[in-house]
Participant: 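My structure is below; once you've seen it, I'll send some questions.
Below, chains carry the letters A, B, ... as their sequence lines are ordered, and counting in each starts from 1.
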Amino acid sequence: MSYQAKFRVWRGDAGEGELVDYTVEVNEGEVVLDVIHRLQATQAPDLAVRWNCKAGKCGSCSAEINGMPRLMCMTRMSTFAEDEVVTVTPIRTFPVIRDLVTDVSFNYEKARQIPAFDPGDAKPGELRMMQEDVQRSQEFRKCIECFLCNNVCHVIRDHEENKPAFAGPRFLMRIAELEMHPADRSDRRNIAQEDHGLGFCNITKCCTEVCPEHIKITDNALIPLKERVVGRRYDPLVWLGAKLGIVKKSEDTPSA
Amino acid sequence: MTEIERHSYDVVVIGAGGSGLRAAIEARLQGKKTAVISKSLFGKAHTVMAEGGAAAAMGNVNPNDNWQVHFRDTMRGGKFLNNWRMAELHAKEAPDRIWELEHWGALFDRTKDGKISQRNFGGHEYPRLAHVGDRTGLELIRTVQQKVVALQQEDHREFGDYEARLKVWAETTVTRLLVKDGRIAGAFGYVRETGKFVVFEAPAVVLATGGIGKAYKVTSNSWEYTGDGHALALLAGATLLNMEFVQFHPTGMVWPPSVKGILVTESVRGDRGILLNSEGKRFMFDYIPEVFKDKYATTPEEADRWYDDPDNNRRPPELLPRDEVARAINAEVKAGRGSPHGGVYLTVVGRMPGGAEEIKRRLPSMYHQFKELADVDITTEPMEVGPTCHYVMGGVEVDPDTAAAVVPGLFAAGEVAGGMHGSNRLGGNSLSDLLVFGRRAGLGAAQYVDSLGEDRPAPDPEDIERARAEAMAPFERMGGESPYAVHAELQQTMNDLVGIIRREEELVRALEALDKLRARVANVSVEGGQGYNPGWHLALDLRNMLLVSECIAKAALERTESRGGHTRDDYPEMSPEWRKINLVCRLAGDPDDPRVEIRRQEMEPMREDLLALFDVDELKKYLTPEELPAAVAAGDGEGASQKETAGTETEESGK
């Protein structure tokens with residue numbers, strides 16, 4: 001069942017690099033990451049690749065395979081024809097460190113700016129939440145932080161200049177998760193729009209398409225978050241009520 | 001000589017999984033300037049692989065549950081070899097640690113009245129595992145990760161610097177602990193991205209590096225699990241406890257080859273999954289050991305009734321502790337009743353009242369994993385599973401209350417620490433262990449730093465130079481072997497000769513093979529530069545894997561009995577005399593070429609009040625007559641137990 005596959009792998013560092021051709025054995029049932037490991041063991045011992053669990057649970061081995069953002073550990077070789085050239089390149093939105101490894105620190109910086117969960121005055125052990133209420137945020141907490149959604153998002157994929165003002169689908173979804181968390185007491189609607197660029201998102205659903213956890217990022221997180229932001233900022237009844245002093249608006253939580 | 005960066009902290013935590021992050025959070029909450037050294041990116045630790053849940057006797061689903069019942073289950077699972085004080089602290093504190101997670105934002109699955117839901121698991125008397133579907137480990141790691149960020153946000157508000165008091169060193173590996181006059185003075189390591197060396201000056205180091213699975217060929221563990229903390233502790237003069245006990249999880253994937261070993265969660269069995277051999281027989285009924293005879297169902301009918309009526313039926317034998325199930329699968333395969341790819345069948349087909357939809361809802365990751373990696377639809381087809389190296393019960397010998405190792409300033413928590421789980425860990429007891437002892441280690445380290453005052457040891461420049469030379473050596477050796485080849489052989493040796501079933505002659509051969517591998521490990525060479533060079537990283541990890549492998553093989557040869565995660569074909573019985581003995585490894589001989597030395601250490605007798613939690617008849621199965629409670633020794637077997645255990649009644653009525 002083995003065959004010799006043709007691989008083109010991007011090799012290089014922050015300075016420059018090139019696609020290098022390899023011919024490498026592939027066995028039944030293998031995934032792209034297996035083949036990359038075989039290259040390391042037999043032909044390219046210093047080939048840099050980031051990986052951990054090899055089971056689609058840690059989100060480390062993101063790459064672009066024939067141009068498609070994927071997890072290498074979840075891309076089966078049987079999805080390619082035996083004579084097809086498989087091209088593996090690093091994810092494009094983030095700077096290359098070496099070979100297939102990129103500098104994803106952008107994501108960790110954005111994560112820090114989003115105000116943490118805020119349980120208010122509740123004490124540990126006191127919280128009572130219903131399954132149907134936690135379910136919405138639970139979907140977003142399935143996120144394995146592979147950052148493929150941020151990688152594919154056109155707002156920053158080809159627009160370095162947007163990076164400071166845009167947290168990307170991953171972290172806008174984090175805001176949605178906290179907003180829908182039944183026990184959270186902060187209000188991040190304003191900063192979602194002002195600081196983290198929710199308005200940039202024009203719901204092309206590319207993020208949803210590449211999510212290996214099949215989270216409906218656009219439909220279940222980003223669009224509802226947009227609706228909530230609109231409610232916070234533009235609802236005429238709320239505006240009028242606030243003017244008249246009947247409706248008390250919640251306090252906006254600033255970015256952290 | 002290349003420039004070496006230096007950074008000073010109060011507490012350095014090595015490892016950024018559940019226990020490492022929990023330890024770091026605690027040290028920071030105690031006001032200590034803390035660093036976390038993470039071998040991978042922040043949030044990618046092996047903890048994400050934990051699926052089933054975190055065991056904590058909150059009593060949300062069955063109000064009869066309490067810490068005493070949990071304690072008993074833990075001791076039984078570990079075949080009474082556990083450090084009883086650790087098992088006690090763990091059972092008592094686990095609920096608080098879970099509620100604390102919820103308070104930090106974790107979203108566990110809920111009961112109908114809005115509390116944290118709890119699920120059944122092997123060896124646990126009552127539904128006890130707080131869980132989120134089958135991705136509980138991810139929820140745990142994300143929650144502590146986000147708590148770290150929350151603390152950094154506080155520091156940012158106060159000092160204008162997120163990392164003022166708590167910094168995560170992502171993709172950084174420690175290769176040596178620095179010891180000055182017998183006390184911890186810091187750690188030496190490299191940053192993967194650049195390959196540059198760093199010295200962390202710190203009087204307290206918490207080891208939270210996880211396990212050793214990558215010393216085996218078939219394992220559920222990721223590349224990071226190379227026994228780093230175990231080896232660092234040994235090299236710093238600390239001791240390892242009971243390394244012979246390695247848990248082979250009964251259900252790893254067996255096909256396709258590239259995913260062999262990847263975990264299939266025990267929740268599959270907790271949620272009505274059953275094990276079948278090639279003849280379609282539900283074989284676990286044939287493998288209920290004597291010590292558990294009265295606690296497990298003897299017919300499929302009774303076993304199936306248990307899921308809905310646990311008070312009046314006994315548990316299905318699929319939910320025996322992991323060591324029992326792994327051995328049973330091994331025996332079935334050996335007897336020629338295995339599946340085509342050398343495992344047995346695990347199936348949920350037709351087992352859930354809600355059909356395929358319920359399977360997908362209860363076991364989403366498993367559905368996903370089999371569909372995408374093996375082309376198997378678990379709602380219509382059985383899974384093929386077999387044992388996989390999963391967890392090491394042995395680890396750094398620590399003080400139960402403070403997590404302190406024998407070297408002053410060194411602490412250990414989580415999988416790298418020994419004692420808590422005895423000879424076999426119950427599923428679900430790891431996530432709670434990480435939290436309970438992660439917190440205690442952070443606290444212990446902070447208190448130790450306070451006790452030092454100004455008297456902090458400084459790393460010796462000569463030690464730093466030695467550590468640098470050791471790390472650079474694989475580049476300087478020319479024409480040596482590839483680290484990948486040597487690693488593959490080490491894994492094969494451990495798999496073949498120190499695996500799930502062991503015998504003297506094979507262990508002797510293993511030690512000879514490891515001896516030869518030592519010379520080869522010392523001779524590997526790598527090409528390329530220092531920046532993000534996986535070949536180099538593996539070359540450095542090999543030292544650690546070799547050391548822990550030697551410990552496991554030596555201890556396995558020494559212990560001439562079978563217990564939990566250590567099965568000797570030539571000594572199949574469990575011996576009450578051996579139960580009292582801990583095997584302790586340390587390094588001895590020439591400091592430049594040290595060898596693993598093993599000694600027997602008598603276990604401290606269990607406290608009377610804890611002993612009194614057990615039925616005397618049960619204790620007799622494990623303990624020597626002299627160890628039994630005083631009242632029994634005097635001839636009165638009745639009433640010596642079960643004062644405050646609400647669980648007993650249900651337990652008895654199930655018979």
Participant: Kindly check if the number of other-residue, nucleotide or ligand heavy atoms within 6.0 Å of NZ (A:K142) is above 12?
Facilitator: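 Buried by this count: over 12 neighbours within 6.0 Å.
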Participant: Of the listed residues (A:D118, A:I97, A:V134, A:D103), which shares the most heavy-atom pairs with chain B below a 4.5 Å separation?
Facilitator: A:I97
Participant: Could you tell me the separation between the CZ atom of B:F42 and the CG atom of A:N107, rounded to the nearest 0.5 Å?
Facilitator: 13.0 Å
Participant: Between B:Y484 (side chain) and A:P45 (backbone), is there a donor-acceptor pair under 3.5 Å?
Facilitator: yes
Participant: I need the B:E224 CD to A:C58 SG distance, nearest 0.5 Å.
Facilitator: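 So the CD of B:E224 and the SG of A:C58 are separated by 8.0 Å.
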Participant: Donor-acceptor pair, A:R98 side chain versus B:G531 backbone, under 3.5 Å?
Facilitator: yes
Participant: Using a 6.0 Å cut-off, check whether atom NZ of A:K163 has over 12 heavy atoms from anything other than its own residue.
Facilitator: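 Counting neighbours around NZ of A:K163, more than 12 heavy atoms of other residues, nucleotides or ligands fall under 6.0 Å, so yes.
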Participant: Sort B:Q152 into side chain, backbone, both or neither according to what part of it lies under 4.5 angstrom from a heavy atom of chain A.
Facilitator: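 The side chain, not the backbone.
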Participant: With a 4.5 Å cut-off on heavy-atom pairs, point out which of B:E163, B:K147, B:E154, B:M253 contacts chain A the most.
Facilitator: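 Among the listed options, the one with the most contacts to chain A is B:E163.
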Participant: Any sub-3.5 Å donor-acceptor pair from B:K44's side-chain atoms to A:I144's backbone N or O?
Facilitator: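 Flag set: sc B:K44 to bb A:I144 pair under 3.5 Å.
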Participant: In Å and rounded to the nearest 0.5 Å, what is the CE to NE2 distance from A:M74 to B:H368?
Facilitator: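 Those atoms lie 4.5 Å apart.
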Participant: Would you mind checking which part of B:Y162 comes under 4.5 Å of any heavy atom in chain A, side chain (CB onward), backbone (N, CA, C, O), both or neither?
Facilitator: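 Just its side chain gets close to chain A.
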Participant: Strictly less than 4.5 Å between heavy atoms, which residues of residues 171-186 of chain A line up against chain B? Please order them by number.
Facilitator: A:R174, A:H181, A:P182
Participant: In terms of heavy-atom proximity below 4.5 Å to chain A, should B:S117 be classed as side chain, backbone, both, or neither?
Facilitator: neither
Participant: Which region of A:K123, side chain (C-beta onward) or backbone (N, CA, C, O), has a non-hydrogen atom less than 4.5 Å from a non-hydrogen atom of chain B, or is it both or neither?
Facilitator: backbone
Participant: Which bit of B:K112 comes within less than 4.5 Å of chain A, counting heavy atoms only: side chain, backbone, both or neither?
Facilitator: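 Contact with chain A involves the backbone of B:K112 alone.
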Participant: With a 4.5 angstrom heavy-atom cut-off, which part of B:L138 approaches chain A: side chain, backbone, both or neither?
Facilitator: side chain
Participant: In terms of side-chain geometry, is the basic nitrogen of A:R50 or B:E171 positioned less than 4.0 Å from the acidic oxygen of its partner?
Facilitator: yes
Participant: Counting heavy-atom pairs under 4.5 Å with chain A, which one of B:V168, B:V149, B:D113, B:L373 comes out on top?
Facilitator: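 Answer, by heavy-atom pair count under 4.5 Å with chain A: B:L373.
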Participant: Do B:K167 and A:Y108 meet the cation-pi criteria used here (NZ or CZ under 6.0 Å from the six-membered ring centre, within 45° of the axis)?
Facilitator: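 Pair B:K167/A:Y108 does not count as cation-pi.
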Participant: Which region of A:L33, side chain (C-beta onward) or backbone (N, CA, C, O), has a non-hydrogen atom less than 4.5 Å from a non-hydrogen atom of chain B, or is it both or neither?
Facilitator: neither
Participant: At a 4.5 Å cut-off on heavy atoms, which part of B:H46 comes close to chain A: side chain, backbone, both, or neither?
Facilitator: neither
Participant: Taking atom types as modelled, is there a side-chain donor on B:Q369 or A:K57 under 3.5 Å from an acceptor on the other?
Facilitator: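 Yes.
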Participant: Please determine, among B:M58, B:Q153, B:E100, B:H537, the option with the most heavy-atom pairs under 4.5 Å with chain A.
Facilitator: B:Q153
Participant: For the pair A:R141 and B:E139, find out whether any cationic side-chain nitrogen is under 4.0 Å from an anionic carboxylate oxygen.
Facilitator: yes
Participant: What part of B:E193 is in contact with chain A, defined as an atom under 4.5 angstrom from a non-hydrogen atom: side chain, backbone, both or neither?
Facilitator: both
Participant: Calculate, to the nearest 0.5 Å, the distance between atoms CG and CG belonging to A:N52 and B:L41 respectively.
Facilitator: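 Interatomic distance, A:N52 CG to B:L41 CG, rounded to 0.5 Å: 8.0 Å.
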Participant: Just checking, is any N or O donor in the side chain of B:S258 or A:D34 under 3.5 Å from an acceptor N or O on the other one?
Facilitator: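 Yes.
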Participant: Do A:E145 and B:Q145 touch side chain to side chain, with heavy atoms closer than 4.5 Å?
Facilitator: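 They are in contact (side-chain heavy atoms under 4.5 Å apart), so the answer is yes.
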Participant: So what's closer than 4.5 Å to chain B heavy atoms on A:V101: side chain, backbone, both or neither?
Facilitator: side chain
Participant: If contact means a heavy atom pair closer than 4.5 Å, which residues of residues 102-109 of chain B contact chain A?
Facilitator: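 Within residues 102-109 of chain B, the residues under 4.5 Å from chain A are B:E102, B:H103, B:W104, B:G105, B:A106, B:L107, B:F108, B:D109.
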Participant: What part of B:A485 gets closer than 4.5 Å to chain A, counting heavy atoms only: side chain, backbone, both or neither?
Facilitator: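 Looking at B:A485, nothing touches chain A.
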Participant: Does any heavy atom of chain B fall under 4.5 Å from the side chain of A:P212, the backbone, both, or neither of them?
Facilitator: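 For A:P212, the contact with chain B is made by the backbone alone.
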Participant: Find the one option among A:Q40, A:E28, A:K54 whose heavy-atom pairs under 4.5 Å with chain B are most numerous.
Facilitator: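 Most heavy-atom pairs within the cutoff with chain B belong to A:Q40.
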Participant: Do the side chain of B:Q146 and the main chain of A:A111 share a donor and acceptor less than 3.5 angstrom apart?
Facilitator: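 No; judged by distance alone, with no hydrogens or angles, the pair does not exist.
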Participant: Any salt bridge between A:R76 and B:D375, counting N to O under 4.0 Å?
Facilitator: yes
Participant: Highest number of heavy-atom pairs under 4.5 Å with chain B: which of A:E213, A:H37, A:Q135, A:H214?
Facilitator: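 Result: the option with the highest number of such pairs is A:H214.
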Participant: Looking at every non-hydrogen atom in both residues, tell me the closest pair between A:A116 and B:A150 and how far apart they are.
Facilitator: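 Taking A:A116 first and B:A150 second, the nearest heavy atoms are CB-CB, 3.5 Å.
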Participant: So does B:K217 have more than 12 non-hydrogen atoms from other groups sitting under 6.0 Å from NZ?
Facilitator: no
Participant: Which one of A:S60, A:S105, A:S78 has the most heavy-atom pairs closer than 4.5 Å to chain B?
Facilitator: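 The candidate making the most pairs under 4.5 Å is A:S60.
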Participant: Counting only heavy atoms closer than 4.5 Å, note whether A:E132 contacts chain B via side chain, backbone, both or neither.
Facilitator: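 For A:E132, no heavy atom lies under 4.5 Å from chain B.
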Participant: Would a distance-only check, ignoring hydrogens and angles, find a side-chain to backbone donor-acceptor pair under 3.5 Å from A:R112 to B:H156?
Facilitator: no
Participant: What are the two closest heavy atoms between B:M49 and A:A55, and how far apart are they?
Facilitator: CE-CB, 4.0 Å
Participant: Using non-hydrogen atoms and a 4.5 Å limit, figure out which bit of A:L127 sits close to chain B: side chain, backbone, both or neither.
Facilitator: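 For A:L127, heavy atoms of backbone and side chain both lie under 4.5 Å from chain B.
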Participant: Other residues, nucleotides and ligands only: do more than 12 of their heavy atoms fall within 6.0 Å of CD on A:Q43?
Facilitator: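 Above 12, so yes.
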Participant: By a 4.5 Å heavy-atom criterion (distance strictly below it), what part of A:V49 contacts chain B: side chain, backbone, both, or neither?
Facilitator: backbone
Participant: Which value, rounded to the nearest 0.5 Å, describes the distance between B:R110 atom CZ and A:D133 atom CG?
Facilitator: 10.0 Å
Participant: Out of A:A44, A:P119, A:C73, return the one with the most heavy atom pairs under 4.5 angstrom to chain B.
Facilitator: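 Heavy-atom pairs under 4.5 Å are most numerous for A:P119.
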Participant: Are any side-chain N or O atoms of A:D46 and backbone N or O atoms of B:G528, one a donor and one an acceptor, separated by less than 3.5 Å?
Facilitator: no
Participant: Over 60° means perpendicular and under 30° means parallel, so tell me whether A:W51 and B:W223 are parallel, tilted or perpendicular.
Facilitator: tilted
